[in-house]
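What follows is a short report on a single structure.
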Amino acid sequence: MKVLAVSGSLRSGSHNTRLLRAAAEAAPEGVEVELWEGIGDLPIYSEDLEGGPLPDSVQRLRRNWAEADAILFATPEYNGSIPGGLKNAVDWASRPRGEAALANKTVAVVGASIGQFGAMWAQQDLRKALGLAGARVVGQELPVARADQGFDESVHERLRDVLESLVIANATRRSYEAAAA
Ligand SMILES: Cc1cc2nc3c(=O)[nH]c(=O)nc-3n(C[C@H](O)[C@H](O)[C@H](O)COP(=O)(O)O)c2cc1C
């Protein structure tokens with residue numbers, strides 16, 4: 001099973017990107033976690049752009065996210081919510097309605113901050129936006145506080161749990177789809 005890992009931070013030393021790398025190391029057997037980059041290449045969403053040939057960055061986003069078995073997001077918190085670039089990517093992947101890359105996609109959300117709340121509000125907002133975009137949001141928030149002090153063993157265990165939740169949810173979804181076909 002291929003899980004795309006999308007960090008909401010473009011920063012080279014990002015704790016959230018590091019969290020996704022830790023998830024790749026903690027992955028259960030049979031789960032391949034692949035870091036996806038491209039949020040910074042996207043234009044700001046406008047419905048006007050849907051009418052013409054789509055920019056390469058948007059086509060790549062929609063193709064890659066649609067092809068993934070599941071997506072694991074790691075979000076920082078900016079002023080109590082999701083970074084604008086990440087929200088913009090979710091908006092692009094939420095259209096066109098009915099055939100959007102996020103429609104029925106199995107997703108999970110984790111987040112890291114240097115403060116004591118572990119990007120909890122951003123995770124809640126991202127879960128809401130993903131759900132409204134048609135994704136199936138699995139599990140609970142995983143708030144990693146004081147990320148600048150490193151990740152302890154419990155973080156690695158919880159990352160593994162999140163990935164296992166994605167595997168189970170994906171298998172359940174596939175068996176429903178097979179039964180309905
Ligand atoms: C514009 C901006 C706003 C921020 N707002 C919050 C916030 O509301 N809550 C919080 O816990 N941390 C906040 N922070 C601190 C981030 O948690 C910290 O910069 C974190 O390391 C960002 O994630 P990254 O390491 O993946 O880039 C903010 C940082 C920036 C740059």
Side-chain angles (χ1 to χ4, degrees), residues 2-28 31-46 57-58 60-62 64-65 68-94 101-102 105-133 135-166:
K2 184 166 139 188
V3 177
L4 270 199
V6 177
S7 173
S9 174
L10 305 181
R11 199 169 70 84
S12 54
S14 163
H15 300 306
N16 282 279
T17 307
R18 215 159 44 79
L19 191 61
L20 293 175
R21 293 211 175 92
E25 282 169 24
V31 177
E32 183 198 342
V33 178
E34 184 189 302
L35 204 64
W36 187 86
E37 291 172 345
I39 282 178
D41 301 330
L42 298 167
I44 293 178
Y45 185 85
S46 163
S57 57
V58 174
R60 179 172 168 266
L61 165 90
R62 288 182 171 173
N64 292 168
W65 289 26
D69 294 312
I71 306 178
L72 174 63
F73 292 91
T75 183
E77 188 166 287
Y78 284 0
N79 300 305
S81 190
I82 317 165
L86 179 55
K87 179 61 164 53
N88 186 48
V90 169
D91 292 341
W92 275 115
S94 72
L102 281 172
K105 186 65 59 186
T106 308
V107 301
V109 173
V110 299
S113 77
I114 54 176
Q116 59 178 320
F117 299 113
M120 194 64 173
W121 282 342
Q123 290 182 64
Q124 288 170 356
D125 285 357
L126 181 55
R127 292 168 64 89
K128 183 176 75 173
L130 288 167
L132 288 166
R136 293 164 193 250
V137 189
V138 165
Q140 302 299 314
E141 296 85 359
L142 198 171
V144 179
R146 299 187 184 86
D148 50 326
Q149 295 174 22
F151 306 142
D152 62 19
E153 189 47 39
S154 81
V155 170
H156 292 91
E157 279 168 21
R158 285 183 293 159
L159 286 169
R160 193 182 169 88
D161 289 347
V162 170
L163 288 167
E164 276 169 356
S165 305
L166 285 173

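Fair warning: this is a prediction, and the values are worked out from it, not measured in the lab. Counting begins at 1 with the first residue of the sequence. Indexing begins at 1, ligand by ligand and atom by atom, following the structure's order.
The two atoms that bring Ala119 and Glu77 nearest to each other are C-OE1, 3.2 Å, heavy atoms only. Across Ala27 and Leu163, no two heavy atoms sit closer than the pair CA-CD1, 3.7 Å. When all heavy atoms of Pro43 and Val58 are compared, the pair lying nearest together is CD-CG2, 3.9 Å. Closest approach of Gly80 to Trp121, counting heavy atoms only: O-CB, 3.3 Å.
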Please tabulate, line by line, the atom pairs linking an N/O of ligand 1 to a protein N/O at a distance below 3.5 Å, with the distance in Å to 0.1, or answer 'none'.
{"unit_1": "ligand 1", "atom_1": "5 (N)", "unit_2": "Glu77", "atom_2": "O", "d": "3.2"}
{"unit_1": "ligand 1", "atom_1": "5 (N)", "unit_2": "Asn79", "atom_2": "N", "d": "2.9"}
{"unit_1": "ligand 1", "atom_1": "8 (O)", "unit_2": "Asn79", "atom_2": "N", "d": "3.2"}
{"unit_1": "ligand 1", "atom_1": "8 (O)", "unit_2": "Gly80", "atom_2": "N", "d": "2.8"}
{"unit_1": "ligand 1", "atom_1": "9 (N)", "unit_2": "Glu77", "atom_2": "OE2", "d": "3.1"}
{"unit_1": "ligand 1", "atom_1": "14 (N)", "unit_2": "Glu77", "atom_2": "O", "d": "3.4"}
{"unit_1": "ligand 1", "atom_1": "23 (O)", "unit_2": "Asn16", "atom_2": "ND2", "d": "3.4"}
{"unit_1": "ligand 1", "atom_1": "25 (O)", "unit_2": "Arg11", "atom_2": "NH2", "d": "2.7"}
{"unit_1": "ligand 1", "atom_1": "25 (O)", "unit_2": "His15", "atom_2": "N", "d": "2.9"}
{"unit_1": "ligand 1", "atom_1": "26 (O)", "unit_2": "Ser14", "atom_2": "OG", "d": "2.6"}
{"unit_1": "ligand 1", "atom_1": "26 (O)", "unit_2": "His15", "atom_2": "N", "d": "3.3"}
{"unit_1": "ligand 1", "atom_1": "26 (O)", "unit_2": "Asn16", "atom_2": "N", "d": "3.0"}
{"unit_1": "ligand 1", "atom_1": "26 (O)", "unit_2": "Asn16", "atom_2": "ND2", "d": "2.8"}
{"unit_1": "ligand 1", "atom_1": "27 (O)", "unit_2": "Ser9", "atom_2": "OG", "d": "2.7"}
{"unit_1": "ligand 1", "atom_1": "27 (O)", "unit_2": "Arg11", "atom_2": "NE", "d": "2.9"}

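No option in Asn64, Leu102, Thr106, Val3 other than Leu102 meets the side chain to side chain contact (heavy atoms under 4.5 Å, CB included) test with Ile71.
Within the 3.5 Å criterion, the main-chain N or O of Ser14 finds no donor-acceptor partner in the side chain of Ser9.
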